[in-house]
*Asks:* 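Can you read through this structure? Questions will come right after.
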Amino acid sequence: MKTLFFLLVPIFLCADQVVLTNGDTITGSIIKKDGDKLTLKSEFLGEVSMPWSAIRGVRSDMDVTVVPASGAAIQGRVNTSGTDLQVATASGTKTVPLASVTAVRNAAEQAAYQRLLHPGWLDLWAGYFDLGLALARGNARTDTLTTSFNASRETRTSKLNVHFNQIYASALVNGVSSATASAIRGGWSFNDDIKPRFFATVMNEYDHDRFQSLDLRFVLGGGLGWYAIKNDRTQLGLSAGGNYNRENFTLLSRDSAEANFGDLFSYKLSGITSVNQSFTYFANLTNAGEYRVNFDLGTVTTLKKWLGWQLTASDRFLSNPVFGRQRNDVLLSTGFRVSFAH
């Protein structure tokens, strides 16, 4: 028993410790203080977040970076003394009032933070490529190919996104072959934070749909947005603005000014499954009463770090299509997703 005790003592001593105002003590590894919450990873509880105002004491056995409200960041092991946080640095102990601590980061979080400060244009890109294929052979011969590409570069204050979505289907019935679906959608958007909860946005969209007789739709616009929810698990952004819309159909072309508003939502259902949804309503200002709707919904489950399985729905509604064409077009796809990050 004595041998076991002495073996276990170093394990407990090497854990960071947080004491709450209600007397509870939580041990683990400090990850970060972000906003008004401190996140700690416990061996048995996983990641636990608690209000910074509910913390009476905190101690770390590894160096962390402490950012005070004023002055430079301090690096060292921390311990509390009353209402102060003492940081044991290489040059001596420095004291910071708990109430004036704006951020605390472990080594990994600090490295990620510094990488976001001055990234190169080829840094911080992450995204995925989807591929779906359906075949039928017999009395009917059909082929359907769906592909999509999405890449984002996100810094501490901005996000650049490039996306592409395509479907092509053909059928051979009684010796006659013809295309049954052919659509391409793509574009880019850029969001820049004005304040922690507010952002400005610029976007450029392109659409082609053979069976809607749409050769090309060109959309350029911008606006302002607000993050209703923004944390590691959930993000909901609401935006409104205006744009120019140029539509080239096979037999006619038309230009219009539009007002737009919508949302962008993402949610991590679990450690391996996430959901993304976007909705934009375009109200035609040139021809009152006419409008467009873009809606996209997708979910992905990670199979490996670079491989997942996705299910995606993409809907485009046009209130005033050319004569003889339907107003709604929906693309559905499922298949493998290959992810990348740099």
*Asks:* Looking only at atom types and distance, does a side-chain atom of R156 sit under 3.5 Å from a main-chain N or O of L116, one as donor and one as acceptor?
*Replies:*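 The answer is no, because no donor-acceptor pair under 3.5 Å joins these two groups.
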*Asks:* Using a 3.5 Å distance criterion without hydrogens, assess whether the side chain of T280 forms a donor-acceptor pair with backbone atoms of N294.
*Replies:*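 The answer is no, because no donor-acceptor pair under 3.5 Å joins these two groups.
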*Asks:* Could you check whether K33 makes a cation-pi contact with W52, meaning its NZ or CZ is under 6.0 Å from the centre of the six-membered ring and within 45° of the ring axis?
*Replies:*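 Yes, K33 sits over the ring of W52.
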*Asks:* For R217, is there an ion pair with E247 - N to carboxylate O distance below 4.0 angstrom?
*Replies:*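 Yes, charged N to carboxylate O under 4.0 Å.
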*Asks:* Any side-chain to backbone donor/acceptor pair from R137 onto T142? Under 3.5 Å, distance only.
*Replies:*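 Checking the backbone N and O of T142 against the side chain of R137, a donor-acceptor pair under 3.5 Å is found.
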*Asks:* May I ask you to say whether E258 pairs ionically with R292, meaning some side-chain N is under 4.0 Å from a carboxylate O?
*Replies:*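 Yes, charged N to carboxylate O under 4.0 Å.
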*Asks:* Any salt bridge between D63 and R105, counting N to O under 4.0 Å?
*Replies:*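 Answer for the salt bridge query: no.
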*Asks:* Check the side chains of D255 and Y244 for a donor-acceptor pair under 3.5 angstrom, ignoring hydrogens and angles.
*Replies:*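 Yes - a donor-acceptor pair under 3.5 Å links their side chains.
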*Asks:* Identify whether the distance between the nearest side-chain nitrogen and carboxylate oxygen of D329 and R185 falls below 4.0 Å.
*Replies:*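 Salt bridge flag = no for R185 with D329.
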*Asks:* Within the distance-only criterion (no hydrogens, no angle test), does the side chain of H163 pair as donor or acceptor with the backbone N or O of N150 below 3.5 angstrom?
*Replies:*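 Not a single qualifying donor-acceptor pair exists.
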*Asks:* Kindly assign one of parallel, tilted or perpendicular to the pair F317 and Y291, based on the angle between their ring planes and the thresholds 30° and 60°.
*Replies:*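 Parallel: the ring planes of F317 and Y291 meet at under 30°.
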*Asks:* From L311 CG over to L332 CG, what is the distance, rounded to the nearest 0.5 angstrom?
*Replies:*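 L311 CG to L332 CG: 7.5 Å, rounded to 0.5 Å.
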*Asks:* Between T302 (side chain only) and K305 (backbone N and O only), is there a donor and an acceptor less than 3.5 Å apart?
*Replies:*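 No; judged by distance alone, with no hydrogens or angles, the pair does not exist.
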*Asks:* Is any side-chain heavy atom of F149 closer than 4.5 Å to a side-chain heavy atom of N165?
*Replies:*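 No, every pair of side-chain atoms sits at 4.5 Å or beyond.
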*Asks:* Given 3.5 Å as the limit, does a donor-acceptor pair link the side chain of K94 with the main chain of V96, or not?
*Replies:*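 Answer holds: no.
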*Asks:* May I ask you to test the D130-F336 pair for a side-chain heavy-atom distance under 4.5 Å?
*Replies:*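 No, side chains not in contact.
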*Asks:* Run the side chain to side chain contact (heavy atoms under 4.5 Å, CB included) test on D296 and R316 for me, step by step, so that the C-alpha distance in whole Å, both residues' side-chain angles and the decisive distance to 0.1 Å come before the verdict.
*Replies:* CA-CA 9 Å; D296 295 282; R316 297 294 182 269; 3.3 Å; yes
*Asks:* Between S239 and T201, do the side chains contain an N or O donor and an N or O acceptor separated by less than 3.5 Å?
*Replies:*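 No - no donor-acceptor pair under 3.5 Å links their side chains.
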*Asks:* Quick one: does any side-chain atom of N276 pair with a main-chain N or O of G298 as donor and acceptor, under 3.5 Å?
*Replies:*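 Looks like no, no N/O pair under 3.5 Å.
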*Asks:* For the pair F199 and Y227, name the ring-plane relationship: parallel under 30°, tilted 30 to 60°, perpendicular over 60°.
*Replies:*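 Tilted, since the angle between the ring planes falls between 30° and 60°.
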*Asks:* Verify, without hydrogens or angle tests, whether R337 (side chain) and Q310 (backbone) share a donor-acceptor contact under 3.5 angstrom.
*Replies:*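 No, the answer is negative, given that no donor and acceptor are paired below the 3.5 Å cut-off.
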*Asks:* Please confirm whether the backbone N or O of V275 pairs with a side-chain atom of T299, one donor and one acceptor, at under 3.5 Å?
*Replies:*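 Judged by distance alone, no pair lies under 3.5 Å.
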*Asks:* Measure the shortest side-chain to side-chain distance between Q235 and Y267 over non-hydrogen atoms and say whether it is less than 4.5 angstrom.
*Replies:*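 No; the side chains remain at least 4.5 Å from each other.
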*Asks:* Salt-bridged, K230 to D193, with N to O below 4.0 Å?
*Replies:*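 D193 and K230: salt-bridged.
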*Asks:* If you measure from CZ on R59 to CG on L85, what distance do you get to the nearest 0.5 Å?
*Replies:*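 Between atom CZ of R59 and atom CG of L85 there are 13.0 Å.
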*Asks:* How long is the gap from CG on L331 to CG on D209, to the nearest 0.5 Å?
*Replies:*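 Reported to 0.5 Å precision, the distance equals 8.0 Å.
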